[in-house]
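Below: the structure, in structure tokens.
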Amino acid sequence: MNAEAAAKAEARIARRIEAAEAGHELGFASKAAQKTALDHLNRAYEGVRDQHFSATIEDAPEEQDARNAHFAAWEIPFDLHHVRDRHVDRLAGRDEARAARVRYLIELRAAIKAAPIVKIVKTDDAEKALIARVQSSIVALMEQRKAQYAEGLRLVEIFGNLPVSVSVHMVTNQFGTTFPRCFYYMNGKLTALNVILAVLQDTTKDDE
């Protein structure tokens, strides 16, 4: 694979991952929306698998028996849901960054499958204001730190004692607009923001 083709393949993988992340971050109003996010992950994994296969071809020996053994040694599953720790370890033996990406795909897939299906309801002004407050607080923290990436941010003034943390990537789109792409964790598990806000609202009602 030449450099241009490799760059295009990498961009396709990144777009698929971003689409799945965006779906999870917004939450799912239907099984179809959840399936779409999972499909994006599957296509992303296919791209990673193709990268791994291309690298395996590049250093494959010529002799047939040795070549067969070489491919068997580096073989990984065709589908993401069949990937196990031993396969990730196999990927790490060739490219740790690629292995880390597959670990993340597995984590995100589990989070998407575990996400509840929440029917769309009209967002009231209070919830819109809270979402805006969360986002502006994150942007302010990132500007204060002069950072493009952060893990484990705690927004105690918003989430209180809820076990919520945020990992943030500052992203610039093709139009030059920079915005935060956020991954919310509750009790250490990747969780959609709308689910966290629902828990927060329930907690607030209980305290009243």
Side-chain angles (χ1 to χ4, degrees), residues 1-60 70-115 117 135 138 142 147-151 166-185 189-193:
M1 185 181 296
N2 61 40
E4 182 179 358
K8 289 181 178 179
E10 178 62 29
R12 286 194 296 271
I13 293 169
R15 285 195 300 269
R16 290 292 191 176
I17 294 174
E18 287 175 4
E21 290 170 340
H24 180 262
E25 185 175 340
L26 290 172
F28 303 113
S30 66
K31 283 286 187 182
Q34 187 180 47
K35 183 179 183 300
T36 296
L38 291 171
D39 286 343
H40 282 307
L41 284 187
N42 290 333
R43 300 294 83 75
Y45 173 72
E46 286 177 8
V48 175
R49 189 192 65 222
D50 289 345
Q51 289 176 329
H52 174 70
F53 185 65
S54 295
T56 304
I57 290 174
E58 287 178 2
D59 60 0
H70 173 81
F71 283 114
W74 293 110
E75 185 178 13
I76 60 174
F78 188 80
D79 296 312
L80 179 61
H81 66 275
H82 287 145
V83 177
R84 301 293 182 264
D85 287 344
R86 66 181 182 276
H87 303 123
V88 178
D89 291 342
R90 195 171 293 173
L91 281 165
R94 182 174 289 279
D95 188 319
E96 178 55 46
R98 194 170 294 144
R101 174 175 266 178
V102 171
R103 289 189 195 99
Y104 176 65
L105 292 179
I106 293 170
E107 177 188 5
L108 185 54
R109 181 179 183 275
I112 288 172
K113 285 184 68 66
I117 304 300
Q135 293 173 340
I138 289 171
M142 297 301 286
Q148 292 297 310
Y149 175 78
E151 283 188 348
V166 189
S167 292
V168 185
H169 304 257
M170 297 303 293
V171 178
T172 302
N173 64 19
Q174 64 267 39
F175 304 108
T177 302
T178 300
F179 60 94
R181 183 173 295 283
C182 305
F183 306 96
Y184 300 90
Y185 294 81
K189 293 184 178 180
L190 198 60
T191 306
L193 179 58

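This chain uses plain numbering: 1 for the first residue, then up along the sequence. Remember, it's a predicted structure, so these values are computed and weren't measured experimentally.
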Chi angles and distances behind the side chain to side chain contact (heavy atoms under 4.5 Å, CB included) call for V102, H87: CA-CA 10 Å; V102 171; H87 303 123; over 6 Å; no
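Between Y185 and S167, the shortest heavy-atom contact is CE1-OG, 3.9 Å. When all heavy atoms of I138 and C182 are compared, the pair lying nearest together is CD1-SG, 3.6 Å. In terms of heavy atoms, T56 sits closest to H70 at O-NE2, 2.9 Å. Residues A60 and F71 share a closest heavy-atom pair of CB-CZ, 4.0 Å. Scanning all heavy atoms of the two residues, the minimum distance from A92 to R103 falls at CB-NH2, 4.3 Å. When all heavy atoms are compared, the tightest approach of Q34 to I112 is NE2-O, 2.7 Å.
Side-chain atoms of R86 do not come within 3.5 Å of backbone N or O of V83 as any donor-acceptor pair. Judged by distance alone, the side chain of H52 and the main-chain N or O of D95 form no donor-acceptor pair under 3.5 Å.
Distance NE2/H81 to OH/Y45: 10.5 Å, rounded to 0.5 Å. The distance from the CD1 atom of I76 to the CZ atom of R98 is 8.5 Å, given to the nearest 0.5 Å. Taking CD1 from I117 and CZ from F28, the interatomic distance works out to 7.0 Å, rounded to the nearest 0.5 Å. Atoms CZ and CG, from R43 and L38 in turn, are 10.5 Å apart once rounded to the nearest 0.5 Å. Note that CG of D85 and CD1 of I106 are 7.0 Å apart. Values are rounded to the nearest 0.5 Å. A distance of 8.5 Å separates CG in N42 from NZ in K35, rounded to the nearest 0.5 Å.
Remark: Y149 pairs with H169 by the ring pair (Phe, Tyr, Trp, His ring centres under 6.0 Å) rule, at least two apart or across chains.
Of the charged side-chain nitrogens involved, at least one lies within less than 4.0 Å of a carboxylate oxygen, so that R101 and E10 count as a salt-bridged pair. The pair R49-E46 does not count as a salt bridge, with every side-chain nitrogen at least 4.0 angstrom from each carboxylate oxygen. Salt-bridge formation is detected for the pair K8/E4: a Lys NZ or Arg NE/NH1/NH2 atom is positioned less than 4.0 Å from an Asp or Glu carboxylate oxygen. Between D50 and R12 no salt bridge is recorded (no basic side-chain N to carboxylate O distance below 4.0 Å).
Remark: D79 CG is packed, more than 12 non-hydrogen atoms of other residues, nucleotides or ligands lying under 6.0 Å away. Within a 6.0 Å radius of CD in E96, more than 12 heavy atoms belonging to other residues, nucleotides or ligands are found.
Q135 places none of its side-chain heavy atoms less than 4.5 Å from the side chain of L193.
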Side-chain polar contacts of residues 14-26 - donor-acceptor pairs under 3.5 angstrom, sequence neighbours left out - could you list them?
residue: R16; atom: NH1; partner: H40; partner atom: ND1; Å: 3.1
residue: E21; atom: OE2; partner: Y104; partner atom: OH; Å: 2.7

